[in-house]
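Let me begin by presenting the structure, written as structure tokens, before commenting on it.
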Amino acid sequence: GAVVSQHPSWVICKSGTSVKIECRSLDFQATTMFWYRQFPKQSLMLMATSNEGSKATYEQGVEKDKFLINHASLTLSTLTVTSAHPEDSSFYICSAGTGEYEQYFGPGTRLTVT
Amino acid sequence: SQKIEQNSEALNIQEGKTATLTCNYTNYSPAYLQWYRQDPGRGPVFLLLIRENEKEKRKERLKVTFDTTLKQSLFHITASQPADSATYLCARGAGGGNKLTFGTGTQLKVEL
């Protein structure tokens, strides 16, 4: 149980275009979903927290107009990287919480902006 | 701010030995600490959670301790196997809403 999927697993896009990443909880309803970014050899950095039906809460230093988060249902959250630039290239990972403390992570999405 | 520090140097051990990984935190003790496993190019997988009032927690070959005096958690893998090779992440609660702050992780390599 507690499986989280992400789509796509990897994406290459041109600078200036937008990319949407989907995060789904497959066998449970997620009260909260989290979006992280991870650069090579570095820790996961929390970008934002989203609850179904409400606006996402962004961490300090994360541009909310650049990283649009939509949490349409208890099983789906999307992250859209708008006007992507090479410095946005990273590994993006979502996780879902069930109300208990542990989080269940998706497999991640590797974004490369050329 | 509350920080989590893990030894960034890789840990190499021989198969069958016990691997011990360290996680230190700053400021006040978190209500709980969590340990995750991350394989290259994959998302983390939850392993264990230990609460502030628990000294030790076990799950199969895994054992976690929580020492609020030393502000430290130790993560042990007994009878280690090559399949245990991965990066292990420690995380603490970070404010409300079950947010987590992660350490940089320690890479474990179990050799034959």
(message) Between B/V110 and B/L11, is there shared hydrophobic-cluster membership here, with clusters defined by ILVMFWY side-chain heavy atoms closer than 4.5 Å?
(response) yes

Using a 3.5 Å cut-off and no angle test, enumerate the donor-acceptor pairs between side-chain atoms of residues 106-114 of chain A and protein atoms at least two apart in sequence or in another chain.
| unit_1 | atom_1 | unit_2 | atom_2 | d |
| --- | --- | --- | --- | --- |
| A/T109 | OG1 | A/Q6 | NE2 | 3.1 |
| A/T109 | OG1 | A/P8 | O | 2.6 |
| A/T114 | OG1 | A/C13 | O | 3.4 |

(message) With clusters defined by side-chain heavy atoms of hydrophobic residues (ILVMFWY) lying less than 4.5 Å apart, directly or transitively, does A/L44 cluster with A/W35?
(response) no

(request) State which residues pass side chain to side chain contact (heavy atoms under 4.5 Å, CB included) with B/T18; sequence neighbours excluded, sorted by chain then number. (result) B/T20, B/H76, B/T78

(request) Answer yes if A/V19 and A/M47 sit in the same cluster of Ile, Leu, Val, Met, Phe, Trp and Tyr residues linked by side chain heavy atoms under 4.5 Å apart, and no otherwise. (result) yes

(message) To the nearest 0.5 Å, what is the distance between CG on B/L100 and OG on A/S95?
(response) 7.5 Å

(message) Nearest 0.5 angstrom please: A/E59 CD to B/T101 OG1, how far?
(response) 8.0 Å

(message) Which residue is it: A/T32, A/T57, A/T49? I am looking for the one with a side-chain contact (heavy atoms from CB on, under 4.5 Å) to B/K99.
(response) A/T49

(request) Working to the nearest 0.5 Å, report the span between CZ of A/F105 and CG of B/L89. (result) 8.0 Å

(request) Spell out the residues in residues 76-93 of chain A that have some non-hydrogen atom less than 4.5 Å away from a non-hydrogen atom of chain B, in order of number; otherwise answer 'none'. (result) A/F91, A/I93

(message) Grouping I, L, V, M, F, W and Y whenever their side-chain heavy atoms are under 4.5 Å apart, do B/Y25 and B/Y88 come out in a common cluster?
(response) yes

(message) Quick one: does any side-chain atom of B/T104 pair with a main-chain N or O of A/Q42 as donor and acceptor, under 3.5 Å?
(response) no

(request) For chain A, find its close neighbours in residues 30-68 of chain B: heavy-atom separation under 4.5 Å, sorted by number, or none. (result) B/Y32, B/Q34, B/Y36, B/Q38, B/G41, B/R42, B/G43, B/P44, B/F46, B/L49, B/R51

(message) Starting from A/I69, can I reach A/V62 by hopping between I/L/V/M/F/W/Y residues whose side chains sit under 4.5 Å apart?
(response) yes

